Amino acid sequence: MKKVNAKAKGQKHAVRNRILLSMAEETGTRVTEMLEIMVSQLPTGAQLEDIIDRNGEWTVYVQRKNRSKPMPIILNATLLMRIFAYVHKERAAVVQRFPDTAPYNDYLFLSDRGTELKADSVTHIVIELFDGILERAGIHRLRSKFSVDELEKLLNGALESGLDVGPTSNWVETFLTMIAERMGHATVDSLRPYLPIVFGKRLVRTKTAMSRELQVKIDGQQKFMEEQQLRMIEVNRQLEASIEKLRSYGNLLRVAEALPPEKVDHLVEYGNKIHADGRSR
């Protein structure tokens with residue numbers, strides 16, 4: 001997505017187009033649904049400040065496919081700030097160019113002519129953005145990413161809480177239902193193909209974590225063995241030094257036996273000096 005967003009910066013309506021991409025990725029909203037959002041549905045400046053202060057969310061309601069009643073689109077604080085910037089700058093510039101009609105248009109996303117943006121135009125914009133970056137990609141790819149991210153988030157939360165959640169768990173059905181409701185799906189069937197992806201990613205991460213843990217243990221054992229080898233080298237060095245001292249004392253004793261009594265005192269002083277020198281090393 002970084003490459004796509006970077007490419008969008010060069011487009012004429014960069015702010016608008018990047019918001020459309022983010023909305024699909026962060027809310028799972030269809031193109032036709034996000035184009036139904038009205039400026040009058042947005043929070044006031046004071047309400048936005050409150051949302052930012054508490055890192056809250058704002059909900060707008062649109063008519064969603066296969067639903068008889070309006071469905072919510074939940075916008076986070078960051079996305080709302082970007083939308084506000086678009087309304088007061090890029091969108092405002094379009095409105096100024098068409099003073100006779102655009103000021104009365106309440107649709108959030110406007111075309112370059114000041115009219116409501118159409119779904120076909122968004123499809124063309126997205127295809128152009130993904131061209132050369134990812135084949136056969138569009139808004140549906142971003143909505144798929146939202147599905148995977150949301151399912152992964154719910155599974156991680158459940159596992160961190162100590163719940164036993166597997167592919168056939170009742171919890172998984174609950175999570176799929178929650179995501180389907182948020183995305184406006186009538187059933188969870190279209191979300192089931194994402195289960196192997198999510199559990200596959202978790203398995204890869206688990207194996208990676210186990211591999212890292214095993215490597216840490218191996219490194220620790222190797223360091224322990226190296227330290228033991230160093231200790232053995234030091235012990236051997238001390239043992240050899242002690243043996244050398246005993247040999248020196250043995251030689252001195254043999255010399256002392258052959259010396260007259262008056263020379264033995266000098267020999268004892270020499271032996272004490274050797275002993276003192278060895279301790280000072």
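Because the structure is a prediction, the values reported are computed rather than measured.
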Note, K9 side chain near R18 side chain (heavy atom, < 4.5 Å): yes
Closest non-hydrogen atom pair between Y86 and F109, with its separation: OH-CA, 3.6 Å
R16 side chain to I83 backbone, donor-acceptor under 3.5 Å: no
Shortest non-hydrogen contact between N105 and G114, atoms and distance: ND2-O, 3.5 Å
Polar contact flag, side-chain donor to acceptor under 3.5 angstrom, E26-N76: yes
Flag, side chain of W58 to backbone of Q41, donor-acceptor distance under 3.5 Å: yes
Any side-chain heavy-atom pair of L20 and L117 under 4.5 Å: yes
Heavy-atom side-chain proximity of L110 to H13 below 4.5 angstrom: no
Exam field: side chain S111 to backbone T115, donor-acceptor pair closer than 3.5 Å: yes
Donor-acceptor under 3.5 Å (T27 side chain, M23 main chain): yes
Any P70 side-chain heavy atom under 4.5 Å of V62 side chain: no
Q47 side chain near L42 side chain, heavy-atom distance below 4.5 Å: no
4.5 Å side-chain heavy-atom contact, Y107 and L35: no
Within-4.5 Å side-chain heavy-atom neighbours: V15 and R82: no
Minimum heavy-atom distance between T59 and P72, given as atom pair plus value: CG2-CB, 3.4 Å
Short side-chain to backbone donor-acceptor contact, H88 and F84, under 3.5 Å: yes
Main-chain N/O of A77 paired with N55 side-chain donor or acceptor, under 3.5 Å: no
pair E128-Q11: side-chain heavy atoms closer than 4.5 Å: yes
